[in-house]
Amino acid sequence: MPATQWKRRGGRLSVLSKNVTVEQPLQGVIHPIAPGRYVKVVVADTGVGIQEEAKRRIFEPYFTTKEMGKGTGMGLSMLHGIMESYGGGIAMNSSPGRGAEFELFFPLVDALPEQDHVLPEARISAGSERILFIDDEQMIVDMVDKILKRLGYRVTPCRSPEKALRLLEVDPPIVE
């Protein structure tokens with residue numbers, strides 16, 4: 001299948017998918033990929049590439065090379081966890097000035113297992129307690145605030161530990 005490409009501000013992003021059979025170890029693999037059949041998705045760009053120091057940490061939660069407020073660093077960490085939990089894998093090739101390429105290997109499934117029964121709908125417990133939530137990333141604060149409020153909690157979102165301490169001094173929690 002031909003790659004789909006997007007061009008923005010001088011760079012190029014390409015996405016390609018195809019079925020492959022892995023018969024031997026691959027180069028640049030983040031964690032071992034067992035021999036077998038996979039759907040391989042290649043995402044490549046012509047950007048600045050990834051520095052060696054960043055390559056070692058790129059899949060760590062909250063690691064980012066972006067400036068404050070421009071990203072959480074959760075995307076590649078979550079991708080790594082998803083791929084690992086489903087028996088897939090990731091290979092990365094990049095060098096400074098030459099862009100980056102990620103190869104994602106999704107295990108092929110011949111058929112879905114038959115379901116003998118329907119699982120009961122999961123219930124998410126709700127609360128009404130007060131929560132003071134603190135994080136320095138506005139996007140995380142907004143997301144957690146919204147989720148907790150939907151669950152019935154009374155949330156005070158905060159991006160500054162100093163402000164959180166002032167709030168606690170003015171309105172301390174009731175400890176029973």
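Note that the numbering runs from 1 along the sequence shown for the chain. Predicted model only: the values in this text are computed from it and were never measured.
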Close side-chain approach of [X] to [Y], heavy-atom, < 4.5 Å:
X: C158; Y: L132; result: yes
X: L79; Y: F102; result: no
X: F106; Y: K40; result: no
X: V39; Y: L108; result: yes
X: K18; Y: V41; result: no
X: S14; Y: R12; result: yes

Indicate if [X] and [Y] have the same hydrophobic cluster label, given that clusters are the connected sets of ILVMFWY residues with side-chain heavy-atom separations under 4.5 angstrom.
X: I134; Y: V141; value: no
X: M92; Y: I82; value: no
X: L168; Y: V155; value: no
X: L104; Y: Y86; value: no

Is [X] reaching over with its side chain to a backbone N or O of [Y], donor-acceptor style, under 3.5 angstrom?
X: D45; Y: A100; result: yes
X: R159; Y: D136; result: yes
X: R154; Y: S128; result: yes

Problem set entry | Pair L148-V144, side chain to side chain contact (heavy atoms under 4.5 Å, CB included): steps then yes or no | CA-CA 6 Å; L148 291 173; V144 171; 3.5 Å; yes
Problem set entry | Residues forming a side chain to side chain contact (heavy atoms under 4.5 Å, CB included) with A44, sequence neighbours excluded | E101
Exercise. Is any NZ, NE, NH1 or NH2 atom of the basic residue among D145 and K149 found under 4.0 Å from an Asp or Glu carboxylate oxygen of the other?
Worked result: yes
Exercise. What's the verdict on side chain to side chain contact (heavy atoms under 4.5 Å, CB included) for L165 and L167, showing C-alpha distance, side-chain angles and the deciding distance?
Worked result: CA-CA 5 Å; L165 285 173; L167 290 169; over 6 Å; no
Exercise. Atom CD in E137, atom CE in M143: separation rounded to 0.5 Å?
Worked result: 10.5 Å
Seminar exercise, completed: In this structure, CZ of R130 is separated from CG of D171 (nearest 0.5 Å) by 4.0 Å
Problem set entry | Residue of the set N19, I33, T21 for which side chain to side chain contact (heavy atoms under 4.5 Å, CB included) holds with Y38 | I33
Problem set entry | Full working for side chain to side chain contact (heavy atoms under 4.5 Å, CB included) between V43 and L13 | CA-CA 7 Å; V43 180; L13 176 68; 3.8 Å; yes
